[in-house]
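None of the values given here were measured: they were computed from a predicted structure.
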Amino acid sequence: MLDVTAAHEIADDARARANVVRLAAAQALTGANSAVIFATGAIVGATLAPDMSFATVPISMYVVGLAAGTLPTGAISRRFGRRVAFVIGTGLGTLTGLLGSFAILHGSFALFCIATFLGGLYGSVAQSYRFAAADGASAAYRPKAVSWVMAGGVFAGVLGPQLVQWTMDVWQPYLFAFSFLVQAAVALIAMGIVAGVDMPKPAPADLHGGRPLFTIVTQPRFVAAALCGVISYPMMNLVMTSAPLAMKMCGLSVSDSNFGIQWHIVAMYGPSFFTGTLIARLGAPKVVAAGLLLEAGAAGIGLSGLTAMHFWATLAVLGVGWNFSFIGASALVLETHRPQERNKVQAFNDFLVFGMMAIGSFSSGQLLANYGWSAVNLVVFPPVILGLVALSLVSWARRRRARLDAAMGEFPDAV
């Protein structure tokens, strides 16, 4: 019996590895979508908007799309399968590029905002790649699968900025118009890749099986996992989006800012090559805690000085902290649901994370403008402390339960 089980796990992991390769490639190409929007959104917005105060609205619309697409992505995946959701997402990515290019050529701010919103919907589908990589994999391989897919972001950090650099001046005087057209082509390539992902349509029994969502998301372990995700991603986004403007306010050059953001992206995704191994060896809670502490450390560096080196160090440490805390929190979410519950639970988790990001994206500029760079960094500490407390309480409760069950001669119930 054990040999049969082991054989099934080996076969499942072989399929999961093949999917990981495709999903990591798709992650790299999809990352070009967000990189183009973040690199150009405020500049194009300042050109097209009726007032300079609306310049960052296109980027905020991207984040709103990111939040708005999470629950529909889960519903489509649950009803028709993940592959259908992925193809729809890449289709939206293609539409993002086409509409964005058209909006720039015709000077339409409203259409450009719609384009970036669609880009956010595409991004929300891509966020489920990390969870999809774990589908059907053994418990030991799941954290590694999540981590390797996220590693695709390293290439996105190189591809996206270079795509903009190579294409931004092609259709003068319409800056970035050709960049969005090329982004549409990249999304089409991603569509071909995700169409080959081996993820069958859910069985009919899975459509209505499982526990109610409320029962699952009120588990202390899910609450802690979701809370840490809600803290790690929005806090990273708050500091990252504020840093370029803060550097400009401190008299630093655009080149200094670009260098910092580039290495921030590398730091965000580079550790993914070994984060999964750390989670498998140390456990997700410890890796999440380390990530949250690194985010707090990044804020401390930001408070310690205003030189280019201080900003670069802040962004680099922040990226590594986000990697540990967000991937670790994602691995914790995988421990809280059964296979037939995965789509609704994962979608709800991402809705919480990106919904909070959407709220924060509209307030980050005001926080920096009204209270300064120090305030941006100080905001990081209270949520990080809350996340560490939640992790500690859940871990303590789990150890206590394990001791009680061991004393009674029982094993802890599997989730």
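- Residues satisfying the ring-ring contact (aromatic ring centres under 6.0 Å, His included) criterion with Phe176, sequence neighbours excluded, are absent altogether.
- Qualifying side-chain contact (heavy atoms from CB on, under 4.5 Å) partners for Trp263, counting only residues two or more places apart in sequence or in other chains: Phe259, Val266.
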Derivation and outcome, side-chain contact (heavy atoms from CB on, under 4.5 Å), residues Leu23 and Phe86: CA-CA 10 Å; Leu23 291 170; Phe86 294 165; 3.8 Å; yes
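- Looking at every heavy atom in both residues, Pro234 comes nearest to Gly229 through CD-O, 3.6 Å.
- Between the side chain of Arg82 and the backbone N or O of Ser77 there is no donor-acceptor pair closer than 3.5 Å.
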Residue pair Tyr62, Asn33: steps toward the side-chain contact (heavy atoms from CB on, under 4.5 Å) verdict: CA-CA 10 Å; Tyr62 171 85; Asn33 165 73; 3.9 Å; yes
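- Minimum heavy-atom separation, Lys344 to Ile216: CE-CD1, 4.1 Å.
- Rounding to the nearest 0.5 Å places CZ of Phe222 at 10.5 Å from CG of Leu227.
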N/O donor to acceptor pairs below 3.5 angstrom from side-chain atoms of residues 92-100, sequence neighbours left out:
{"unit_1": "Thr94", "atom_1": "OG1", "unit_2": "Thr90", "atom_2": "O", "d": "3.1"}
{"unit_1": "Thr96", "atom_1": "OG1", "unit_2": "Leu92", "atom_2": "O", "d": "2.8"}
{"unit_1": "Thr96", "atom_1": "OG1", "unit_2": "Gly119", "atom_2": "N", "d": "3.0"}

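- Other residues, nucleotides and ligands place no more than 12 heavy atoms under 6.0 Å from the OH atom of Tyr371.
- Considering only heavy atoms from C-beta on, Pro285 stays 4.5 Å or farther from Val394 through its side chain.
- Distance check: Thr218 OG1 to Arg211 CZ gives 9.0 Å after rounding to the nearest 0.5 Å.
- Here Phe324 pairs with nothing under the ring-ring contact (aromatic ring centres under 6.0 Å, His included) rule; sequence neighbours left out.
- In this structure, CG on Asn323 lies 4.0 Å from OG on Ser272, to the nearest 0.5 angstrom.
- Residues satisfying the ring-ring contact (aromatic ring centres under 6.0 Å, His included) test with Trp373, not counting sequence neighbours, are Phe311.
- In this structure, the side chain of Thr116 engages the main chain of Cys113 through a donor-acceptor pair within 3.5 Å.
- Taking a 6.0 Å sphere around CZ of Phe117, one finds it holds more than 12 heavy atoms contributed by other residues, nucleotides or ligands.
- Among residue pairs with one or both ends in residues 31-46, none qualify as salt bridge (Lys or Arg N to Asp or Glu O under 4.0 Å); sequence neighbours excluded.
- With a 4.5 Å cut-off on side-chain heavy atoms, Ser179 and Trp166 do not count as touching.
- With sequence neighbours left out, the side-chain contact (heavy atoms from CB on, under 4.5 Å) criterion links Pro383 to Ile231, Met235.
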Tabulate below the donor-acceptor pairs under 3.5 Å that side-chain atoms of residues 185-192 make, not counting sequence neighbours, or state none.
none

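- Aromatic ring centroids of Phe180 and Phe112 lie under 6.0 Å apart.
- Remark: Tyr233 pairs with Trp322, Phe326, Phe354 by the ring-ring contact (aromatic ring centres under 6.0 Å, His included) rule, at least two apart or across chains.
- Ile301 places none of its side-chain heavy atoms less than 4.5 Å from the side chain of Trp312.
- Other residues, nucleotides and ligands contribute only 12 or fewer heavy atoms inside 6.0 Å of the CE atom of Met309.
- Between Val217 and Val223 the shortest side-chain heavy-atom distance does not fall below 4.5 Å.
- Using a 4.5 Å heavy-atom cutoff, the side chains of Val125 and Ile88 are not in contact.
- Within a 6.0 Å radius of CH2 in Trp148, other residues, nucleotides and ligands contribute 12 heavy atoms or fewer.
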Run the side-chain donor-acceptor check on residues 276-283: report pairs under 3.5 Å with partners two or more places apart or on a different chain.
none

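- Of all heavy-atom pairs spanning Ala347 and Leu71, the tightest one is O-CD2, 3.8 Å.
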Stepwise side-chain contact (heavy atoms from CB on, under 4.5 Å) test for Leu318 and His264: CA-CA 7 Å; Leu318 181 71; His264 170 70; 3.8 Å; yes
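- In this structure the side chain of Leu332 reaches within 4.5 angstrom of the side chain of Arg221, judged on heavy atoms.
- For the residue pair Ser128/Asp350, the side-chain donor-acceptor check at 3.5 Å is not satisfied.
- Here the straight-line distance linking atom NE2 of His310 with atom CG of Leu306 works out to 8.0 Å at 0.5 Å rounding.
- With sequence neighbours excluded, the residues satisfying side-chain contact (heavy atoms from CB on, under 4.5 Å) with Ile385 are Val389.
- The two atoms that bring Val317 and Leu294 nearest to each other are CG1-O, 3.4 Å, heavy atoms only.
- With values rounded to the nearest 0.5 angstrom, Asn377 atom CG is found 4.5 Å from Leu303 atom CG.
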Verdict with reasoning, Val376 to Leu238, per side-chain contact (heavy atoms from CB on, under 4.5 Å): CA-CA 7 Å; Val376 171; Leu238 172 69; 4.0 Å; yes
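- The closest side-chain heavy-atom distance from Pro271 to Phe274 is below 4.5 Å.
- To the nearest 0.5 angstrom, Phe381 atom CZ is 15.0 Å from Leu386 atom CG.
- Residues passing the side-chain contact (heavy atoms from CB on, under 4.5 Å) test with Ala24: none are found, sequence neighbours excluded.
- Of all heavy-atom pairs spanning Ile37 and Ile59, the tightest one is O-CG1, 4.2 Å.
- Contact record, Val20 with Ala145: CG2-CB, 3.8 Å, taken as the closest heavy-atom pair.
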